[in-house]
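Structure first, then comments.
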Amino acid sequence: MQRIGVFVCHCGTNIAGTVDVKAVAEALKNEQGVVFSTEYQYMCSEAGQSIIKNAIKEHKLTGVVVCSCSPRMHEATFRKTASSAGLNPYMVEIANIREQCSWIHKDMEKATEKAIILGRAAIAKVHLNAPLTAGESPVVKRALVIGGGIAGIQTALDIADAGFEVDIVEKKPTIGGKMTQLDKTFPTLDCAACILTPKMVDCAQNEKIKIYSYSEVESVSGFVGNFSVKIRKKARYVDETKCTGCGLCTEKCPMKKVPNEFNLGMNNRSAIYIPFAQAVPKIATIDPDHCNMLKNGKCGVCAKICTAGAINYKQEDEIVEEKYGAIIAATGYNPINLDKYDEFAYSQSKDVITSLEFERLTNAAGPTSGKLLRPSDGVHPHTIVFVQCVGSRCGAEDSKGGKSYCSKICCMYTAKHAMLTREKYPDTDVYVFYIDVRTPGKNFDEFYRRAAEEYGVHYIKGMVGKVMPQADGKLLVQGSDLIAGEQLKINADLVVLAAAIEPDKSARPLATMLTASMDTNDFFTEAHPKLRPVESPTAGIFLSGACQGPKDIPETVSQASAAAAKAIGLLCKDKLTCNPCVAHSDEMMCNGCSQCEKVCPYGAISYEDKEFRMPNRTTAIRRVAKVNPAVCQGCGACTVTCPSGAMDLNGFSNRQIMAEVDAICR
Amino acid sequence: MKISYYPGCTLKTKAKELDRYGRESAKALGVELEELENWQCCGGVYPTGKDEIATKLSSVRTLENAKKNGGKLVTLCSACHNVLKQVNEEIKTNEDFAFRANNYSKFDEEYHGETEVIHYLEMLRDTVGFDEIKKKVVKPFKGVKIGAYYGCLLLRPSKVMQMDNPENPKIIEDFIRAIGGEPVIYPYRNECCGGYVTMEDKNIAVKKSSAIMESAGSFGADLMVTACPLCLYNLTQNGGGSVPVKYFTELLAEALGVKEED
Amino acid sequence: MPSETLKEQVIRISGVNPLKCMRCGKCSGSCPSYEDMEYHPHQFAYMVEKGEIEKLMNSDSIYKCLTCFACVERCPRNVEPAKLVEAVRLVKIRQQGANHLKAESIPEKLDAELPQQAIVSAFRKYSK
């Protein structure tokens, strides 16, 4: 028979405001096995924990029930408390009377009744608890960063700096990400390439960092400290070890009409290409969709002229398998597709462009060598209209499927574009249509004000209703000026749309592989929005950059370093304490049907043939399930799937769950 | 193939050509438009008020009638099309309206939006097929630059009309290509002509229609086509008349060689 | 039961929740009747929210809306301003003797080409 202590927490007024905590402590006193019951203002405080410790010693408690907040919040706290008083930590049960009771109910009487029932269920469970001992598992001292943009680069550099090996998997032929496409960066206006490319080179030269460019994660198995990842190195038809990046092949390639994705299709590249001059690694890649040799065997120019003999048309995808202790997602963002925003005539006029296209049009390495020229006719535009919030901040029923969130970076980069245009081309009139100008960030509002005050950018509070391409090539922009109370019609030469940003399409399948959670917008969810912002709820998975939410460069870099710090904290450990609440199978009941193996998301269940004694001194070989406790995460999927009831979970046994249900239904 | 057909009041009076050419062309394309018996005027505009019941009942009767006659209803006038589609959507999705309308109407079987309403253009695109039309054209509009005028009623609200991209439509342009013409894209093709406000303030209709005509003209349109008698009226009477405006069915009949000269 | 306020009537008839408006002005940037209106689509959302229905009822703006649905189509928050304009107009013209279009005024407005669709529509919109 257990001797159980019950500790009811007020949580200030969080619980006590809706639940009569005294009545709960009083009612639970009468439950079978309860020898002590009390309540206190903050059970998690030093004083609260002392009450528990003293009670354990004084009343020789064998089990503890804390009626408080969610076990996600303080289960670990109270287990430690019990442990320090000499009680096995797994003899503690939490009854969640805050999130699942006081916070969601208003009627004190009913909430109190519910809290008592929840306490009763926890007591019923503790009666069947058994002391458990946590095992240990080793930590592989190597990290994987998925995505090689500025977020992934910063995370990798920081981890390598701490002395750990780190691999970057980047799906494009070069690392660098979106930042390589930017011209200048706000609010200091330093050149993006000048601050980014040294970091790219650092990655390449750091002996702790290995870059898998033009590669994608194929599968992930294992668990925190012990992930096993398959990486697909896509065939680039160029031997990475031989190519010197001289670029001769890209010059001689006769297929030069491939839309250049680096310049967002605003000019062309060759079928064999190096994305840009500072690419890392600086290795050529053949685009199999456009290479004549790969398509129909008719060409071979690049192989003929390559003095290094690096071209290999027969190259195939290669799968590499590596072990990692920690994984950091840094998959980044993309501007949304503007096909549904035809009121702005994006698909009808070449002179309606996105802000990222505008970056390329002002970049020295861009299609116009940095001269701001209209895409349709190459003429310098004299009137430019910027439209903010295209596809951001949309209602749930928005017919175009716009995003509900603020994309966060647009106000600042638009101020930057407007300012730089006015600085370089003072003869150009610049208008910015805005709903709100949002500039919370160090030196951000000052930057925006400079654009308006010093550079004379016309900020118009209102939204553009329609952009009408005219027969003379101009764009008639019709919008509202809410402050003047006018409908404006501006004859513009160029319209720049600040398209909403969304997570990269690769994030969703990656989240599935990582069993990491995502929100409805496909941003990775953090373990706690305030207190654990760079960790996924899945142990060992960390989040870096815009894959977690819209971010500018300073914020991305901060988060990247924070994610690295968290990963380093994990890699520093030699061993991790395992969760003892794992599944185990009763071999006598298991019939080897394999159903548990199929549902296990962690690949923790295998089968073995075992010899069993049978009646009359005979033996029989039977196939039975076996759980690897180091891999099992205790999710319980196998226990509910097992048709014969052979699978059970330590700490959450079928008997314990039924006892809880019985207690609730009593 | 027989499909139920709703001409609407204006097609029986001022817009007889829209109707006549529409029927003759359909016949040439193998579709018999069977006019619904005892149809009533749709009301011309969709009343958006949630508590407007009586003003939508004539449309409900038409839709219920079509349900009993094959379940598919072709409309030709843009306004009728808009009203019938919107009322149909409302009785499908608004329980209160469905209850009241059925309660009053006492049909043999309750009506809940089962009829499929399509515009004649959708019939050309989805039932006949523009490629099929192309094959049957005997007198193509070769070299003629034709501006499609959609106005507001064909496309909006797009959630209900479900006909084409409301900001960058192409169904009439595809139709123009099918009859051998050259579509002219101009930005005012989905701007309102002024509609019924011509009764209230002719000046508005003049401003709106003129802007449309000027825009089409500036892009070199020789001719404009519409599916709406009120649009045709506004563009020709209030729009300055710089470019001739015709019903698209007239061009279709001509291209198919079934246009009888009066 | 207290009688329904004008604001409550407008919200019930239109089915619109003006609180969804984020004041971006895209409706008024789209409106083809903007110049001919005293109060513009975004102001209908704001003024209905504030309960200033009488000002709207007494303004000619309610007869200038073309019900072309450009504002409804483009509103990023699905506020449907055109339905607010119509609801205010209904509240007005449902009053005794408040019909805006009177049968006796029709003959002078007729011309040989005017389709009756225009007359039917105008009566639907302007009179009860």
Side-chain angles (χ1 to χ4, degrees), chain B residues 8-15 41-52 55 77-80 82-83 94 151-153 155-161 166-167 188 190-205 207-208 211-212 228-234 236-237, chain C residues 9-16 30-37 60 62-75 78 80 82-91 93-94 100-101 105-106 108-128:
Chain B
C9 58
T10 308
L11 274 71
K12 290 288 175 189
T13 52
K14 295 281 188 221
C41 171
C42 66
V45 283
Y46 171 70
T48 65
K50 294 271 180 240
D51 61 354
E52 286 281 318
T55 42
C77 163
S78 303
C80 305
N82 188 284
V83 174
N94 180 344
C152 45
L153 297 166
L155 301 166
R156 296 192 290 260
S158 63
K159 264 187 215 167
V160 182
M161 294 298 116
E167 305 291 359
Y188 278 82
N190 60 346
E191 287 286 309
C192 182
C193 66
Y196 61 85
V197 174
T198 188
M199 299 291 291
E200 155 76 10
D201 187 343
K202 206 170 189 70
N203 206 20
I204 295 183
K207 275 193 281 185
K208 295 300 125 192
I212 293 159
C228 177
L230 186 49
C231 298
L232 185 109
Y233 168 81
N234 272 329
T236 49
Q237 302 299 311
Chain C
Q9 278 188 60
V10 169
I11 287 174
R12 174 178 56 77
I13 294 171
S14 64
V16 168
S30 296
C31 183
S33 275
Y34 188 96
E35 286 166 25
D36 297 289
M37 292 172 108
D60 259 359
I62 56 175
Y63 310 111
K64 308 292 180 186
C65 168
L66 307 165
T67 331
C68 77
F69 273 62
C71 55
V72 174
E73 193 67 48
R74 293 183 195 145
C75 174
N78 200 32
E80 306 183 305
K83 294 188 178 176
L84 282 177
V85 179
E86 182 144 334
V88 174
R89 186 171 59 230
L90 283 170
V91 170
I93 63 173
R94 280 175 183 176
H100 184 67
L101 182 67
S105 74
I106 294 297
E108 69 188 57
K109 292 177 195 263
L110 288 180
D111 65 50
E113 301 302 322
L114 187 78
Q116 63 266 57
Q117 175 190 1
I119 307 167
V120 176
S121 304
F123 268 113
R124 272 275 187 272
K125 291 290 180 189
Y126 297 140
S127 296
K128 277 289 138 190

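Treat the numbers as computed from the prediction; the structure is a model and nothing was measured. In what follows, chains are A, B, ... by sequence order, proteins preceding strands, each numbered from 1. Because only heavy atoms are used, hydrogens play no part in the values below, and waters and symmetry mates are left out as well, while side chains stay in.
E86(C) has no carboxylate O lying under 4.0 Å from a charged side-chain N of K83(C), or vice versa, which leaves the two without a salt bridge. A salt bridge is absent between K208(B) and D36(C): the closest approach of a Lys/Arg side-chain nitrogen to an acidic carboxylate oxygen does not fall below 4.0 angstrom.
Proximity to chain C (any heavy atom under 4.5 Å) is shown, for C193(B), by neither the backbone nor the side chain. Heavy atoms of C80(B) lying under 4.5 Å from chain C are absent altogether. Only the side chain of Y126(C) comes within less than 4.5 Å of a heavy atom in chain B; its backbone stays farther off. Neither the backbone nor the side chain of A87(C) comes within contact range of chain B; no heavy atom of the residue lies under 4.5 Å from a heavy atom of that chain. Heavy-atom distances place the side chain of P166(B), and not its backbone, under 4.5 Å from chain C.
Residue pairs meeting the salt bridge (charged side-chain N to carboxylate O under 4.0 Å, His left out) criterion with at least one member in residues 114-124 of chain C, sequence neighbours excluded, do not occur.
Heavy-atom pairs under 4.5 Å with chain B were tallied for S105(C), C65(C), A82(C); the largest tally goes to C65(C). Among S30(C), A112(C), A70(C), the residue with the largest count of heavy-atom pairs under 4.5 Å with chain B is A70(C). Note on E191(B), K202(B), K159(B), E167(B): by heavy-atom pairs under 4.5 Å with chain C, the leading option is E167(B). With respect to chain B, the highest number of heavy-atom pairs below 4.5 Å among R74(C), K109(C), E35(C) belongs to R74(C). Between chain B and the options L101(C), D111(C), V72(C), heavy-atom pairs under 4.5 Å are most frequent for D111(C). Counting heavy-atom pairs under 4.5 Å between each of G49(B), C152(B), G44(B), G43(B) and chain C puts G43(B) at the top. Most heavy-atom pairs under 4.5 Å with chain B: of the set L90(C), L114(C), T67(C), this distinction falls to L114(C).
Looking at S33(C), its side chain does come within 3.5 Å of a backbone N or O of K64(C) through a donor-acceptor pair. When atom types are taken as modelled, the side chain of N234(B) and the backbone of G195(B) share a donor-acceptor pair closer than 3.5 angstrom.
Summarising the geometry, atom CZ belonging to F123(C) is positioned 4.0 Å from atom CD1 belonging to I106(C); distances are rounded to the nearest 0.5 Å.
S14(C) and E80(C) share no donor-acceptor pair across their side chains, judged by distance under 3.5 Å alone. A donor-acceptor pair shorter than 3.5 Å cannot be found between the side chains of T236(B) and E113(C).
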